[in-house]
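All residue numbers in this chain count up from 1 along the given sequence.
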Amino acid sequence: MFHHSSKLQYTVRVDKPDPVFAKYLQQAIGGIEGEIRVAMQYFFQAMGARGDSKYRDLLMMTATEELSHIEFLGHAVALNLEGAPVSAQEEAATDPVVHAIMGGANPRHILSSGLSAMPVNANGVPFDMSHVYATGNLGADMMANATAEAGGRVLASRLYNMTEDAGMKDMLSFLIARDTMHQQQWMAVIEELGGLSKQLPIPNSTPEDHENTKHSYYFLNTSLDEPTPEGRWSSGPSLDGKAEFTVKKQPEPEGQKPDLGKAKKGSGAQKEQL
């Protein structure tokens, strides 16, 4: 069960409406870096969470916060569309707002939504849930969540740099701050579970005899003309403490040459394939 307050989580103020910026804000709603994505990701992770119930609660509470972000971003889109023309007879294309809606904004903000937000990205493509990751594995999900919040913070930072509107900058500074917290909390779960050394490899419950471990810790240099990029991944102890990183240069293939033989009769192949 969910409860809703009539007030937004954070104040949304637009000093000068900008229909083009409304289009850009759609990415923060319905883009793969946006709030619909993370709200649904945390929601489905919570519904599939097994183990200590506090992690389910953490996920569900954050999912509902992300719904709050969708709401105030939707309000921001609508405020930025204030004054956008709804007919060709409206004053003069010399007006910057008229020019913007005709020349650079999303026409569906007029045609489909009546000057309000939609569940789409900046190109008008609906979010289709294909970037919702919920594996049922707590370690994998926490890593995916930290990455999702990193992408969201990158987007919010770019949007902040794309506007001079003080109200929008203030709202985006709040989103940037919440993305910071959410990155931190997901990584804090990893730390609480013992850190990377205990959580890696994911899933850490896979029996060792299910893994051909002689292939687990070498970096493969597949380039014919570039040296191995030296780094933490090429030497020294592995992050899980189970082995040493090594390098294989120009490795020889170990498999066979693929050959499927003749085509099956009745398979629709040419006579020459049978």
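- When every heavy atom of Leu67 is checked against every heavy atom of Ala39, the shortest pair comes out as CD2-CB, 4.0 Å.
- The shortest side-chain heavy-atom distance between His109 and Gln26 falls under the 4.5 Å cut-off.
- The hydrophobic clustering, which links ILVMFWY residues whose side-chain heavy atoms are closer than 4.5 Å, places Met142 and Val132 apart.
- In this model, no donor atom of one side chain and acceptor atom of the other lie less than 3.5 Å apart for Arg108 and Ser113.
- Between Thr11 and Phe174, the closest side-chain pair of non-hydrogen atoms is not below 4.5 Å.
- Side-chain contact check for Gln250 versus Ser223: every heavy-atom pair is 4.5 Å or farther apart.
- Side-chain atoms of Glu71 and Gln9 include no donor-acceptor pair closer than 3.5 Å.
- Atom OG in Ser68 sits 10.0 Å away from atom CD in Glu35 (nearest 0.5 Å).
- The shortest side-chain heavy-atom distance between Val120 and Phe127 does not fall under the 4.5 Å cut-off.
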Given Tyr55 and Leu193, is the side chain to side chain contact (heavy atoms under 4.5 Å, CB included) satisfied, shown in steps?
CA-CA 11 Å; Tyr55 299 121; Leu193 294 171; 3.6 Å; yes
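- Using a 4.5 Å heavy-atom cutoff, the side chains of Leu73 and Val12 are not in contact.
- Here the side chains of Ile36 and Pro119 are in contact, with some heavy-atom distance below 4.5 Å.
- Tested against Val14 for a side-chain contact (heavy atoms from CB on, under 4.5 Å), the candidates His75, Glu82, Met168 yield a single pass: Met168.
- Take His215 and apply the ring pair (Phe, Tyr, Trp, His ring centres under 6.0 Å) test, not counting sequence neighbours, and it matches Tyr218.
- Contact of the Asn221 side chain with the Lys248 side chain is not registered, since no non-hydrogen atoms from C-beta on lie closer than 4.5 Å.
- In this structure, the side chain of Ser238 engages the main chain of Ala243 through a donor-acceptor pair within 3.5 Å.
- Cluster annotation: Phe72 is not connected to Tyr42 through the hydrophobic network of ILVMFWY side chains, with a link wherever side-chain heavy atoms come within less than 4.5 Å.
- Ring-plane geometry between His182 and His69 is classed as parallel, the angle between the planes falling under 30 degrees on a 0 to 90 degree scale with a further cut at 60.
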Evaluate the criterion side chain to side chain contact (heavy atoms under 4.5 Å, CB included) for residue pair Asp170 and Tyr10; output intermediate values, then yes/no.
CA-CA 10 Å; Asp170 181 59; Tyr10 192 77; 3.0 Å; yes
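- Hydrophobic clustering keeps Val38 apart from Phe44 (ILVMFWY residues linked when any side-chain heavy atoms are closer than 4.5 Å, directly or through intermediates).
- In this structure, Ser157 contributes its side chain and Arg153 its backbone to a donor-acceptor pair below 3.5 Å.
- Under the 4.5 Å side-chain heavy-atom criterion for ILVMFWY residues, no single connected hydrophobic cluster contains both Tyr133 and Met143.
- As a member of the Ile/Leu/Val/Met/Phe/Trp/Tyr network built from side-chain separations under 4.5 Å, Phe245 groups with Tyr217.
- A 6.0 Å sphere centred on CZ of Arg50 holds no more than 12 heavy atoms belonging to other residues, nucleotides or ligands.
- Taking a 6.0 Å sphere around CG of Leu111, one finds it holds more than 12 heavy atoms contributed by other residues, nucleotides or ligands.
- In this structure, Arg13 pairs ionically with Asp15, as a charged nitrogen and a carboxylate oxygen lie closer than 4.0 Å.
- Under 3.5 Å, the side chains of Thr135 and Asp141 contain a donor-acceptor pair of N or O atoms.
- Side-chain atoms of Gln27 and Asn123 form no donor-acceptor pair, as typed in the model, at a separation below 3.5 Å.
- Applying the salt bridge (charged side-chain N to carboxylate O under 4.0 Å, His left out) rule to pairs touching residues 190-213 yields Lys54-Glu192, sequence neighbours excluded.
- To the nearest 0.5 Å, the span separating CD on Gln45 from CG on Leu58 amounts to 10.0 Å.
- Residue-environment remark: CE (Met129) exceeds the threshold of 12 foreign heavy atoms within 6.0 Å.
- The two residues Leu159 and Ala28 make their nearest non-hydrogen contact at CD1-CB, 4.0 Å.
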Is there a side chain to side chain contact (heavy atoms under 4.5 Å, CB included) between Leu196 and Ile190 once you walk through the steps?
CA-CA 7 Å; Leu196 290 176; Ile190 295 288; 4.0 Å; yes
Step by step, work out the side chain to side chain contact (heavy atoms under 4.5 Å, CB included) result for Trp186 and Leu59.
CA-CA 9 Å; Trp186 304 134; Leu59 285 160; 3.6 Å; yes
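- Taking the side chain as every heavy atom from C-beta outward, Phe21 and Asp165 never approach each other to under 4.5 Å.
- Panel note: side chain Lys23, backbone Asn106; no donor-acceptor pair is recorded below 3.5 Å.
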